[in-house]
Enquirer: 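The structure's right below; bear with me while I get my questions together.
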2 protein chains.
Amino acid sequence: MPYELAGRSSQKHRTRTALVTAARDLVRQGVTPTVEETAAAAAVSRTTAYRYFPNKRALLLAAHPEIAATSMLPANPPEDPAARLDAVVANFSAMILDTEAQQRTMLRLSLEAEAAERDALPLRQGRAIAWIAEALDGVRGELSEKQFGQLVLSIRATIGIEAIVWLVDVAGISRNDAVALTRWSAQALLQRARTVAPPTPSRSSKQGRPSNASLDRISNTPAATRPTRP
Amino acid sequence: MPYELAGRSSQKHRTRTALVTAARDLVRQGVTPTVEETAAAAAVSRTTAYRYFPNKRALLLAAHPEIAATSMLPANPPEDPAARLDAVVANFSAMILDTEAQQRTMLRLSLEAEAAERDALPLRQGRAIAWIAEALDGVRGELSEKQFGQLVLSIRATIGIEAIVWLVDVAGISRNDAVALTRWSAQALLQRARTVAPPTPSRSSKQGRPSNASLDRISNTPAATRPTRP
DNA sequence: GTCATCGTGGTACTTGAGTCCCACAAGGCC
DNA sequence: GGCCTTGTGGGACTCAAGTACCACGATGAC
């Protein structure tokens with residue numbers, strides 16, 4: 001039984017909540033607080049903080065910004081799937097930018113995990129999948145279950161904080177332009193899915209090719225023809 | 001004048017090279033070495049390592065994997081832009097997976113920068129932009145300079161290590177499926193660009209809308225209609 | 001050769017992460 | 001009231017990052 005559920009659980013719950021709330025407040029300010037600072041802000045001792053979280057990373061991960069919204073659609077959502085998707089992407093992006101400091105912190109923390117524990121912990125699971133799926137409800141019938149899931153994943157991979165970070169930090173474009181680009185990309189993926197289905201995963205070693213005859217010979221390009229690194 | 005260019009510069013160059021090489025070897029093994037370990041591997045003292053790099057992060061960033069290839073196209077590249085792009089994306093993805101540990105380390109290090117220094121340092125600038133642009137040479141004429149650049153950026157944002165990390169770690173799909181998905185996505189972006197141009201950046205506050213009349217009213221959705229966080 | 005310069009190594013220090021152990025005090029139970 | 005359980009606080013420790021200072025040794029100029 002985990003520490004926090006045994007014994008005087010309500011007292012423990014208060015202590016844990018104080019820690020998480022303090023951490024959340026500090027992360028929201030864009031800083032990465034020390035364990036001692038977080039504990040002090042929660043009015044508990046550093047030792048107690050380590051009783052609830054095995055390390056600083058776990059403590060800050062527990063402070064992941066809470067997004068209560070169960071939908072990213074406006075009050076009177078449009079019918080057209082493309083319009084619905086764009087609304088969701090726009091709102092999602094605005095939310096990401098609103099909490100950018102926290103999003104960056106969480107992204108960094110998720111990368112600090114060792115390969116072994118990455119498999120174990122369900123980190124950074126957001127609600128984006130559900131929001132996108134809701135937007136695309138109208139095209140569910142046009143695709144297989146698997147293809148629909150793949151489309152949602154590809155859209156999420158394209159519009160997330162990871163893409164924004166690259167576009168802003170490395171490509172050097174403005175946040176507004178980055179969002180415009182991801183919105184455009186999301187539309188592109190949807191359009192393409194309604195024409196050519198996304199790759200169905202893991203059926204054969206050749207899976208994943210765009211079903212475009214002219215691409216076949218490329219997809220079969222053996223490794224030997226690839227450029228090699230020194 | 002920076003430390004390494006003044007005085008006995010060739011000796012300093014040897015020392016610096018030894019440090020970077022040692023760091024690169026260690027990062028390639030998937031570990032994040034301590035400064036002391038790196039210095040020992042380079043047969044210099046920890047103190048000297050700090051003379052060349054202000055902190056561990058800078059030292060490891062200097063160990064970014066060297067990719068000498070100036071092109072990701074196979075020996076006899078196809079003419080069709082879509083086929084060329086798929087070849088480049090496939091080879092690029094293979095290269096990313098070959099050096100996944102290093103790519104993850106570099107991505108994490110780039111996120112550890114403070115906002116202030118992010119603006120200053122040109123971090124993690126790879127050659128992907130050039131490789132993608134080369135693949136898409138054939139469609140340059142179909143788009144404006146700006147639109148072409150935006151297309152390249154959106155493709156890079158979709159196929160990079162950031163997307164792979166999300167698809168594998170969070171979405172939980174296999175690396176092969178992740179690559180298949182990014183290849184499919186890249187094709188979608190190209191196709192869409194040849195039909196509807198990517199958003200032209202920063203001309204007005206309304207820039208970035210997909211040029212789809214039915215989307216106009218969504219893009220103008222005021223913040224008040226967005227779901228709000230508690 | 002001698003000497004000042006300059007790159008380097010070593011040592012000591014501070015700070016934060018993380019661990020361990022023990023003392024204390026607040027809760028429930030009789 | 002007393003007693004035992006249990007959550008908490010505090011001190012001491014190790015380790016790595018980062019800084020500061022000083023001594024040694026090699027290099028280049030004369």
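Since the structure is predicted, the reported quantities are computational estimates derived from the model, not experimental observations. We name chains A, B, ... by the order of the sequence lines, and we start the count at 1 in each one.
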Enquirer: Is there a side-chain contact between B:Tyr52 and the phosphate of C:dG7, meaning an N or O under 4.0 Å from OP1 or OP2?
Expert: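 For C:dG7, OP1/OP2 do not have a side-chain N/O of B:Tyr52 under 4.0 Å.
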Enquirer: Between A:Arg108 (side chain) and B:Arg108 (backbone), is there a donor-acceptor pair under 3.5 Å?
Expert: no
Enquirer: Identify, with sequence neighbours excluded, every residue that meets side-chain hydrogen bond (donor to acceptor under 3.5 Å, both in side chains) alongside B:Ser45.
Expert: B:Thr48
Enquirer: For C:dG7 and B:Thr48 - does any side-chain N or O of the residue sit under 4.0 Å from the phosphate oxygens OP1/OP2?
Expert: no
Enquirer: Between C:dA17 atom C1' and A:Arg57 atom CZ, what is the distance in whole Å?
Expert: 14 Å
Enquirer: Closest to the B:Lys12 side chain: D:dT8, C:dG16, C:dG7?
Expert: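 Side chain of B:Lys12 sits closest to C:dG7.
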Enquirer: May I have the distance from B:Leu109 (atom CG) to D:dA17 (atom P), rounded to whole angstrom?
Expert: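 Going from B:Leu109 (CG) to D:dA17 (P), I get 12 Å.
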Enquirer: In terms of side-chain geometry, is the basic nitrogen of A:Arg84 or A:Glu134 positioned less than 4.0 Å from the acidic oxygen of its partner?
Expert: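 No.
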Enquirer: Can you pull out how bent the helix from C:dG1-D:dC30 to C:dA26-D:dT5 is, comparing the axes over its first five and last five pairs, to 10°?
Expert: 0°
Enquirer: List for me each residue that meets side-chain contact (heavy atoms from CB on, under 4.5 Å) alongside B:Ser154, sequence neighbours excluded, and say none if there are none.
Expert: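 Expected list: A:Leu181, A:Trp184, A:Ser185, B:Leu151, B:Leu189.
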Enquirer: When you check the phosphate oxygens OP1 and OP2 of C:dG9, does a side-chain N or O of B:Ser45 lie under 4.0 Å from one of them?
Expert: yes
Enquirer: Once you round it to whole Å, what is the distance between C1' of D:dA16 and CD of B:Glu37?
Expert: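 About 10 Å, once rounded to whole Å.
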Enquirer: Using the side-chain contact (heavy atoms from CB on, under 4.5 Å) criterion, which residues pair with B:Ala163? Sequence neighbours excluded.
Expert: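 With neighbours one apart ignored, the set is A:Ala157.
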Enquirer: To the nearest angstrom, how far is B:Glu36 atom CD from D:dA16 atom C1'?
Expert: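 Value for this atom pair: 8 Å.
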Enquirer: Between the main-chain N or O of B:Val89 and the side-chain N or O of B:Arg183, is there a donor-acceptor pair closer than 3.5 Å?
Expert: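 Flag not set: sc B:Arg183 to bb B:Val89 has no pair under 3.5 Å.
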Enquirer: Whole Å only: how far is the CG atom of B:Asn55 from the P atom of C:dT14?
Expert: 22 Å
Enquirer: Can you check the A:Lys56 NZ to C:dG18 P distance for me, whole Å?
Expert: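 Going from NZ in A:Lys56 over to P in C:dG18 covers 8 Å.
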Enquirer: Using only atom types and a distance under 3.5 Å, with no angle test, would you say the side chain of B:Arg104 pairs donor to acceptor with the backbone of A:Leu111?
Expert: no
Enquirer: Classify the side chain of B:Arg14 versus the base of C:dG7 as yes if they form a donor-acceptor pair under 3.5 Å and no if they do not.
Expert: no
Enquirer: Distance check needed: C:dT8 C1' versus B:Leu19 CG, whole Å only.
Expert: 12 Å
Enquirer: Could you pull out the protein-nucleic contacts involving nucleotides 11-14 of chain D (nitrogen or oxygen on both sides, under 3.5 Å)?
Expert:
none

Enquirer: Who passes side-chain contact (heavy atoms from CB on, under 4.5 Å) against A:Arg46, sequence neighbours left out?
Expert: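 Listed in chain order: A:Val35, A:Glu36, A:Tyr50.
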Enquirer: Separation of B:Tyr50 atom OH from C:dG9 atom C1', in whole Å?
Expert: 16 Å
Enquirer: Please round to the nearest 0.5 Å and tell me the distance separating atom CG of A:Leu85 and atom CD1 of A:Ile159.
Expert: 7.0 Å
